[in-house]
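What you are looking at is a predicted structure, and each value in this text was computed from that prediction instead of being measured. Side-chain atoms are counted along with the backbone in the values below, which use heavy atoms only and exclude waters and symmetry mates.
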Amino acid sequence: MAPGNFTATSTIYRSIPQIITDDAHGELDRLSYNEYNIKNWAKEMGLIDRGYTKYLNNYLQAYKEIKPDLFFCYYFANEACFDLALKLKKPVVGFASGTIFFTSQHPIRSDPVIGCHVNMENESFYNRFICAIVQPLRLHWNFRDNLNYINARRAEIGVSELYDFRERANTLFLTDSFFGFEVPAAWPPIHQEIGPILPDIFPSLSSDLDLFLSSHARTIYIAHGTFLHTTPKNYAILLKSVLELINRNILDGVIWATVAFNESELPSTINLSTGAIIPTSNLLNNLHPHVYITKNENGELEVNIETLLRSWITPDSRMGFFRGNYLDVFGAAVIIALVLISSLGYV
């Protein structure tokens with residue numbers, strides 16, 4: 001944030017002063033279509049991390065031009081923004097789409113990217129052990145080169161490699177989320193949910209979409225956002241699932257707001273449990289009477305707030321003291337570590 005008048009180049013948020021650098025992802029877009037696992041995640045982040053110096057220079061140039069008094073930094077793969085604010089001794093506000101980025105998470109909260117459920121409350125001891133001990137170790141191992149690269153660049157500008165902006169007690173973090181969207185957890189007082197952030201004016205629905213909504217009372221809305229990609233296999237599974245629900249008269253319509261993906265990698269037909277065979281091209285071209293697919297568009301989801309707020313109780317409080325604090329998992333990890341160390345001592 002800085003004083004002065006600026007001409008915004010965004011077509012959506014014209015009233016917000018801004019400097020836009022680039023929006024080219026190249027190799028990142030290609031990787032995004034692969035199966036999203038720990039290894040591919042590390043590769044994607046590696047491509048972004050290699051732009052650390054470029055982003056830092058862009059931010060520094062913007063700083064010299066507009067002399068901001070306050071930095072707003074998006075968390076995801078944006079260490080350069082936080083590091084520059086620290087270097088310049090400027091206050092910074094962090095923001096992201098989820099609290100998992102800002103705090104050291106309770107092990108009961110996990111991530112499907114590492115092969116675990118978002119909420120581990122009802123999982124077996126084995127699954128909780130794998131997701132709390134084994135998978136985080138794999139995650140750190142796969143990201144070691146990325147971290148080493150970032151730390152080397154930090155050393156070049158005089159920022160400690162051990163610096164973690166989350167440890168700064170005076171840093172405010174804003175979360176573009178809402179109660180009920182995530183597994184309940186205790187938040188520090190300087191973490192505040194603010195989202196979703198919506199523009200003041202929305203364009204009217206197209207006539208086709210308006211007609212579809214008015215003629216399908218039980219419609220499900222699917223949207224992954226503009227950043228998330230998954231595999232063609234998963235897209236096919238989702239398509240088949242909603243068609244099965246329509247065939248069982250649970251739904252009578254589906255609206256899917258999707259970004260561009262390689263349609264040729266999808267199966268040519270979707271085979272339902274009833275024996276019906278539906279050409280995939282009919283779905284993608286909106287020739288199916290109960291399916292409406294929008295491409296490269298965004299939409300807003302209406303939610304029942306009262307329903308979302310029913311799950312305020314944190315899962316660990318329902319699991320009891322021993323399991324809720326993962327004492328069984330961490331205790332087993334300590335025993336295994338002691339056995340391994342003792343075995344090495346006898347070798």
Side-chain angles (χ1 to χ4, degrees), residues 25-57 59 73-87 94 96-118 120 126-168 171 173 227-231 326 329-330 332-341 343-344 347:
H25 298 104
E27 183 70 10
L28 178 61
D29 284 341
R30 187 187 66 80
L31 279 174
S32 295
Y33 291 110
N34 294 334
E35 181 180 357
Y36 212 58
N37 52 35
I38 292 178
K39 290 184 177 180
N40 286 331
W41 186 16
K43 290 179 182 178
E44 288 188 6
M45 295 303 299
L47 290 174
I48 299 175
D49 290 340
R50 292 305 184 270
Y52 177 92
T53 301
K54 179 185 73 173
Y55 298 138
L56 184 75
N57 290 334
Y59 299 150
C73 298
Y74 181 59
Y75 169 78
F76 184 74
N78 199 21
E79 287 86 354
C81 184
F82 289 94
D83 291 349
L84 181 62
L86 176 67
K87 180 71 175 178
S97 57
T99 57
I100 193 171
F101 300 113
F102 290 156
T103 58
S104 299
Q105 296 299 309
H106 191 289
I108 202 170
R109 301 181 67 186
S110 193
D111 196 319
V113 175
I114 63 174
C116 302
H117 289 164
V118 173
M120 300 297 296
Y126 174 81
N127 288 340
R128 291 191 299 119
F129 182 89
I130 293 296
C131 293
I133 305 295
V134 178
Q135 293 298 76
L137 290 176
R138 289 187 60 215
L139 188 68
H140 287 294
W141 176 257
N142 281 278
F143 273 81
R144 68 191 186 284
D145 291 339
N146 298 8
L147 182 59
N148 290 336
Y149 180 86
I150 290 294
N151 285 337
R153 304 290 79 76
R154 281 173 167 165
E156 294 174 356
I157 64 171
V159 175
S160 171
E161 65 180 40
L162 299 178
Y163 166 65
D164 186 347
F165 62 85
R166 291 176 297 185
E167 297 175 357
R168 296 176 64 180
T171 301
F173 293 106
F227 183 79
L228 179 63
H229 302 280
T230 186
T231 61
Y326 265 58
V329 170
F330 295 139
V334 170
I335 293 173
I336 292 173
L338 291 176
V339 170
L340 291 176
I341 293 173
S343 300
L344 292 175
V347 175

Which heavy atom of [X] sits nearest to which heavy atom of [Y], and what is that distance?
{"X": "Ala132", "Y": "Tyr326", "result": "CB-CE2, 3.6 Å"}
{"X": "Pro136", "Y": "Cys131", "result": "CD-O, 3.3 Å"}
{"X": "Ile157", "Y": "Lys87", "result": "O-NZ, 2.8 Å"}
{"X": "Asn127", "Y": "Met120", "result": "O-CE, 3.6 Å"}
{"X": "Asn78", "Y": "Tyr59", "result": "OD1-OH, 2.8 Å"}
{"X": "Ala333", "Y": "Ile133", "result": "CB-CD1, 4.0 Å"}

For this session: Would you please test Glu79 and Arg153 for side-chain contact (heavy atoms from CB on, under 4.5 Å) and show each step?
Result: CA-CA 11 Å; Glu79 287 86 354; Arg153 304 290 79 76; over 6 Å; no
For this session: Show the numbers, then the answer: is there a side-chain contact (heavy atoms from CB on, under 4.5 Å) between Trp141 and Arg144?
Result: CA-CA 5 Å; Trp141 176 257; Arg144 68 191 186 284; 3.3 Å; yes
Would you give the length of the straight line joining atom [atom1] of [X] to atom [atom2] of [Y], rounded to the nearest 0.5 angstrom?
{"X": "Leu84", "Y": "Asn57", "atom1": "CG", "atom2": "CG", "result": "9.5 Å"}
{"X": "Arg154", "Y": "Leu86", "atom1": "CZ", "atom2": "CG", "result": "9.0 Å"}
{"X": "Ile150", "Y": "Asp145", "atom1": "CD1", "atom2": "CG", "result": "12.0 Å"}
{"X": "Asp83", "Y": "Cys73", "atom1": "CG", "atom2": "SG", "result": "9.0 Å"}
{"X": "Asp111", "Y": "Leu139", "atom1": "CG", "atom2": "CG", "result": "9.0 Å"}
{"X": "Ile114", "Y": "Ile130", "atom1": "CD1", "atom2": "CD1", "result": "10.5 Å"}

For this session: Output all residues satisfying side-chain contact (heavy atoms from CB on, under 4.5 Å) with Leu147, sequence neighbours left out; order by chain, then residue number.
Result: Asn151
Problem set entry | Non-neighbouring partners of Phe143 that pass ring-ring contact (aromatic ring centres under 6.0 Å, His included), sequence neighbours left out | Trp41
Exercise. Checking side-chain contact (heavy atoms from CB on, under 4.5 Å) for the pair Ile336/Phe129: CA distance, chi angles, key distance, verdict?
Worked result: CA-CA 12 Å; Ile336 292 173; Phe129 182 89; 3.7 Å; yes
For this session: Given side-chain contact (heavy atoms from CB on, under 4.5 Å), test Gln135 with Cys116 step by step and report yes or no.
Result: CA-CA 9 Å; Gln135 293 298 76; Cys116 302; 4.1 Å; yes
For this session: Would you check, one step at a time, whether the test side chain to side chain donor-acceptor pair (under 3.5 Å) holds for Tyr52 with Asn146?
Result: CA-CA 11 Å; Tyr52 177 92; Asn146 298 8; over 6 Å; no
Exercise. Can you tell if the side chain of Pro107 reaches within under 4.5 Å of the side chain of Phe330, non-hydrogen atoms only?
Worked result: yes
